[in-house]
There are 2 protein chains.
Amino acid sequence: MADASADAVPRASPWRASRERVHDRQVKREAVIRAAAHAFNRKGYHNTSLDDIAAALEVSKPTVYYYVSNKEQLLFECFVAGIEPIRSGLRQARALKASARERLKAVLDHYGRAVASEFGWSMVRAEDQDLSPAMSAHIKSLKSEIDQGIRRLLREGAQDGSIHPCDPKMTAFALAGALNWIAHWYREDQSMTGADIAAAFITVFENGLMPRAGGRVER
Amino acid sequence: MADASADAVPRASPWRASRERVHDRQVKREAVIRAAAHAFNRKGYHNTSLDDIAAALEVSKPTVYYYVSNKEQLLFECFVAGIEPIRSGLRQARALKASARERLKAVLDHYGRAVASEFGWSMVRAEDQDLSPAMSAHIKSLKSEIDQGIRRLLREGAQDGSIHPCDPKMTAFALAGALNWIAHWYREDQSMTGADIAAAFITVFENGLMPRAGGRVER
DNA sequence: TAGGATACCTACCAATCAGTATGATACAGC
DNA sequence: GCTGTATCATACTGATTGGTAGGTATCCTA
């Protein structure tokens with residue numbers, strides 16, 4: 001591990017470079033969130049101190065607290081930044097005039113990209129036992145929304161004939177699990193983009209393990 | 001969550017009940033490992049203190065250290081206890097006289113049961129950034145062994161015609177990811193046994209999302 | 001029955017770290 | 001130039017916790 005340089009894209013901190021103060025609270029706040037996400041990616045939530053995050057931004061700890069109320073909220077913000085694209089993808093898919101399978105594929109594509117994004121790790125790992133009951137519940141409800149959306153698409157697919165009949169709950173768990181897990185290996189193996197991975201997974205999910213009549217895959 | 005009683009099966013601690021000392025180091029050591037696994041399941045690695053584990057066994061902290069050298073090793077032992085059944089399943093499968101798909105199914109069955117076991121969480125979550133480089137490497141090699149075994153079965157399946165042609169690497173990632181993720185939701189939803197879940201997942205993996213000629217699933 | 005090994009405990013240390021008290025500095029408007 | 005507000009730093013606290021020092025009771029063996 002090349003210490004700090006591996007994941008530390010020299011993403012210009014709003015504090016860096018110029019000595020005069022930039023008066024853009026929103027920009028700075030987002031920079032703090034992003035720095036937190038990168039630190040969490042590299043070292044995990046518990047092994048990341050707020051001093052680490054501050055140091056990455058070349059600022060002191062109270063400055064971080066000036067933009068964020070506490071560490072927990074930092075994780076929460078990273079989670080939201082990660083899951084929002086999936087929620088939006090789910091809404092978009094609902095509007096599509098296509099088979100349920102096509103709509104599901106669109107959702108899975110968004111999902112895969114999101115997990116491979118800079119906030120993927122935080123999104124996937126949040127909730128656990130590291131958060132207050134209130135935040136944990138909030139996160140759980142957002143996750144549940146995605147889960148229910150996928151289950152619904154699976155049921156609709158079984159009805160319109162575009163998806164092989166299946167247990168929606170277990171199938172949704174399998175799909176989400178496979179995609180969530182991307183966050184665990186993507187850091188070490190970035191040989192593919194998030195979009196590539198999503199596409200590859202969708203192919204796997206669609207075909208299944210059993211050979212099909214057609215024989216060949218339409219890659 | 002019913003606090004301590006939910007996961008805390010009143011598993012008799014070797015220390016509990018009798019005041020005269022039981023002289024079986026191995027039994028006690030395993031009790032320590034198991035107590036650690038249960039604590040990690042409930043609160044996560046970082047939120048579990050060695051005092052917690054000691055308290056669960058009704059012992060003092062130094063007693064825990066008498067059986068285990070440090071916290072890291074505790075996690076490592078839990079990991080090994082979790083992954084060993086999968087390794088053994090992989091070896092057994094290699095000896096089977098069956099199609100590659102059948103052998104793969106056998107492995108996935110072991111895999112699913114293992115992840116749903118009491119050590120599943122520790123197995124799945126270990127490695128991360130919580131361990132020394134040496135242990136991390138050790139764990140990584142054990143995980144890689146499983147991964148390579150699955151990829152190999154996928155390749156063999158493509159050759160003997162029992163498995164639909166696929167990208168072994170991505171397919172193995174998808175399968176393992178889906179199964180690993182069981183550890184995340186199984187704690188809260190124990191409505192099924194590990195064997196049931198494994199069977200359900202295998203059905204999903206085999207059929208895939210696209211409808212099949214046969215139409216119905218042979219549940 | 002002395003001496004050693006085993007098994008366990010009380011009390012403590014040292015380090016880490018989330019979060020804060022306090023105050024300095026710069027800038028905007030007047 | 002003056003004042004209020006926004007932004008940031010130094011230096012600290014309080015609590016947790018991994019790990020240990022040192023001692024005690026019990027058992028086995030010679």
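Given the structure is predicted, the values throughout are model-derived calculations rather than measurements.
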task: Decide whether A/His184 and A/Arg125 meet the rule of one side-chain donor and one side-chain acceptor closer than 3.5 Å.
output: yes
message: Please tell me if A/Tyr65 has a side-chain N or O lying less than 4.0 Å from either OP1 or OP2 of C/dG19.
response: yes
task: Answer yes or no: does a side-chain N or O of B/Thr63 lie under 4.0 Å from OP1 or OP2 of C/dC9?
output: yes
Between [atom2] on [N] and [atom1] on [X], what's the gap in Å once rounded to a whole number?
X	N	atom1	atom2	value
A/Tyr45	C/dC17	OH	P	13 Å
A/His46	C/dC17	NE2	P	12 Å
A/Glu72	C/dC17	CD	C1'	16 Å
A/Arg25	D/dC8	CZ	C1'	12 Å
A/Gln26	D/dA6	CD	P	16 Å
B/Asp51	C/dC12	CG	C1'	13 Å
B/Ile53	D/dG19	CD1	P	11 Å
B/Tyr66	D/dG19	OH	P	19 Å

task: Looking at every strand, decide which applies to A/Ser49 at a 4.0 Å heavy-atom threshold: base, sugar-phosphate, or nothing.
output: sugar-phosphate
message: What's A/Ser69 touching, base or sugar-phosphate or nothing? Going by heavy atoms closer than 4.0 Å.
response: nothing
Of all the nucleotides listed ([options]), which has the minimum atom distance to the side chain of [X]?
X	options	value
A/Pro62	C/dA21, D/dT7, D/dC8	C/dA21
A/Lys71	C/dA18, C/dA7, D/dT20	C/dA18
B/Leu50	D/dG18, D/dT7, C/dT20	D/dG18
A/Tyr67	C/dA7, C/dC9, D/dT7	D/dT7

message: Taking the six-membered ring of B/Phe205 as reference, does the cationic atom of B/Arg101 (NZ for Lys, CZ for Arg) lie under 6.0 Å from its centre and within 45° of its axis?
response: no
Centroid separation B/His46 to A/Tyr45 less than 6.0 Å: no
message: Is there a side-chain contact between A/Arg29 and A/Tyr66 in this structure, where contact means two heavy atoms from C-beta onward sitting under 4.5 Å apart?
response: no
task: Examine the base of D/dG18 for any acceptor or donor lying under 3.5 Å from a partner atom in the side chain of B/Lys61, and report the outcome as yes or no.
output: yes
field: B/Arg152 with B/Glu156: basic N within carboxylate O range, under 4.0 Å
entry: yes
